[in-house]
Amino acid sequence: MTHIWVRSESRAHEERVGVTPQGAARLIAAGYQVTVEQSGQRILPIADYAAAGCVIAPEFSWTDAPDDAIIFGLKELPDDGTPLRHRHIMFGHAYKGQPAGQILLQRFKAGGGRLLDLEYLIDADGRRVAAFGYWAGYAGAAVALMCWITQQKGGQAGAVTAYPSANHMLMALQQDLVAVGTARPTALIIGALGRVGTGAADLCQAMGVATVKWDMAETASGGPFAQVLQHEIFLNCILARPGTPVFVPASAKLAARDLTVIGDIACDPDSDFSPIKVYDRTTTWDAPALRVHDAPVLDVTAIDNLPSMLPAESSQDFADQLLPHLLTLDNLDQGVWARAQATFDRAVG
């Protein structure tokens, strides 16, 4: 019997989960064993998983799980350097040259485990089968707009928080926007046709922020692009990969520009392929804006777990996308799981 062990997330502000109680019930009905750890911050109550028939385990007990258990989480593992002996389903951020990712791969190599990276679960045509992209775009655009609003008051954005729902976020943002007057920024979105860009555009539309939407056709000539500097907000929704053009060069800090806020929603500053060259580290919930230039002002926001600001909607959406593939975990040698294993093998080979 294939055993799926849903671990608690150790990262602060991480309330999301990749399978719902309803999904767990379907897995159990299909013959899977499902263990779910207790969690002090998960958005969905542990009682609902127990009612679905899951075995409930103590928080962070996955290290003692049976060798054949497949450990399922979302964000990074505790950075304690221990060898990893299990198969892990998670976002590893390990295949684009990220320093922390290289350490993670060494831990798998030392322990004999394997990474089944959620970012690399792809179908036969190379398309991702499950992603948090829409809600990353939605929340990322909201944080960028928060940064712009605070700039209008002469400040720099303060701590952000999770919201019970998208409607709660919209109401709070609208109130803050009205408080600074009638002026509205414009935003350029690159990657506007994808899931991330669609979410960003929907938030902007809801807030009355005019957008210019670019995608592959508009960026085919390679960067940098002067048009990026002509909008108050730039939202990058393109995942860094080989061949990605530079959208914002380091020289943009000193250039004549209207741009004052960059929302790097794709958020991969450690990657060799990052298209945003004015910053080198992610930002946090406590300090969402990194000021990279003072006069004229330029803030970058690059939070790498944006969908956690809307944990209820993002968890449900992602879990619904992923469940059909979790139901094939009893056959790891085919389909999306075989491709994920091959990606890992190439990375450590």
Side-chain angles (χ1 to χ4, degrees), residues 4-19 37 39 41-43 60 62 70-79 84 86-108 113-123 126-137 139-140 194-196 199 237-241 264-271 273-274 281-285 302-311 314-323 325-326 329 336-337 339-344 346-348:
I4 302 172
W5 186 293
V6 182
R7 62 176 170 86
S8 179
E9 298 290 335
S10 57
R11 181 176 183 164
H13 308 299
E14 188 52 83
E15 300 180 33
R16 292 176 295 169
V17 62
V19 62
E37 291 184 359
S39 170
Q41 61 181 355
R42 187 183 296 125
I43 188 65
F60 309 133
W62 61 266
I70 300 173
I71 312 301
F72 179 24
L74 296 177
K75 299 301 286 185
E76 63 267 24
L77 299 170
D79 186 18
L84 298 170
H86 295 98
R87 291 164 293 183
H88 282 257
I89 300 172
M90 59 181 285
F91 288 102
H93 303 293
Y95 299 148
K96 299 176 187 173
Q98 303 98 320
Q102 299 309 301
I103 295 171
L104 178 67
L105 291 177
Q106 287 302 315
R107 291 174 66 187
F108 277 111
R114 302 185 99 176
L115 171 63
L116 302 171
D117 197 310
L118 288 162
E119 186 179 337
Y120 293 84
L121 290 188
I122 57 173
D123 64 17
R127 292 188 294 262
R128 289 179 64 180
V129 300
F132 284 101
Y134 178 86
W135 296 106
R195 285 181 278 205
V196 179
C237 302
I238 296 292
L239 214 60
R241 62 187 62 184
D264 190 5
I265 300 172
C267 190
D268 213 355
D270 291 339
S271 171
F273 316 117
S274 173
R281 58 191 182 274
T282 58
T283 62
T284 67
W285 287 49
I303 296 172
D304 65 2
N305 64 335
L306 284 164
S308 289
M309 293 179 67
L310 296 167
S314 64
S315 291
Q316 184 69 59
D317 184 21
F318 183 81
D320 287 347
Q321 296 174 56
L322 187 62
L323 182 60
H325 306 285
L326 292 179
L329 268 174
V336 298
W337 304 109
R339 286 186 280 273
Q341 289 186 113
T343 300
F344 171 78
R346 288 192 296 271
V348 300

Under a 3.5 Å distance rule, please check whether [X] uses its side chain to pair with a backbone N or O of [Y] as donor and acceptor.
| X | Y | answer |
| --- | --- | --- |
| T283 | A302 | yes |
| R7 | I71 | no |
| Q41 | E14 | yes |

Any side-chain heavy atom of [X] within less than 4.5 Å of one from [Y]?
| X | Y | result |
| --- | --- | --- |
| I303 | C267 | no |
| Q321 | V129 | no |
| F60 | P78 | no |
| N305 | F132 | no |
| F91 | D304 | no |

Which heavy atom of [X] sits nearest to which heavy atom of [Y], and what is that distance?
| X | Y | value |
| --- | --- | --- |
| L116 | A340 | CD2-CB, 4.2 Å |
| L104 | M90 | CD2-CE, 4.4 Å |
| A136 | I265 | O-CG2, 3.5 Å |

(request) Begin from the C-alpha positions of R16 and I43 and carry the test side-chain contact (heavy atoms from CB on, under 4.5 Å) through to its verdict. (result) CA-CA 6 Å; R16 292 176 295 169; I43 188 65; 6.0 Å; no

Separation between [atom1] of [X] and [atom2] of [Y], rounded to the nearest 0.5 Å:
| X | Y | atom1 | atom2 | result |
| --- | --- | --- | --- | --- |
| L115 | R107 | CG | CZ | 11.5 Å |
| Y95 | L105 | OH | CG | 6.0 Å |
| L121 | H325 | CG | NE2 | 8.0 Å |
| D79 | I103 | CG | CD1 | 6.5 Å |
| E9 | L74 | CD | CG | 4.5 Å |
| Q98 | D268 | CD | CG | 5.0 Å |

(request) List the steps and the verdict of side-chain contact (heavy atoms from CB on, under 4.5 Å) for W5 and E37. (result) CA-CA 8 Å; W5 186 293; E37 291 184 359; 2.9 Å; yes

(message) Would D117 and T343 count as a side-chain contact (heavy atoms from CB on, under 4.5 Å) here? Give the steps.
(response) CA-CA 9 Å; D117 197 310; T343 300; over 6 Å; no

(message) Once side-chain hydrogen bond (donor to acceptor under 3.5 Å, both in side chains) is applied, do any residues pair with E119, and if so which ones, sequence neighbours excluded?
(response) K96

(request) Using the test side-chain hydrogen bond (donor to acceptor under 3.5 Å, both in side chains), find all partners of D270 that sit at least two apart in sequence or belong to another chain. (result) none

(request) List the steps, then state whether side-chain contact (heavy atoms from CB on, under 4.5 Å) holds for L118 with F72. (result) CA-CA 10 Å; L118 288 162; F72 179 24; 4.2 Å; yes

(request) Before accepting this row, confirm whether a basic side-chain N of the pair D317/R195 lies closer than 4.0 Å to the acidic partner's carboxylate O. (result) no

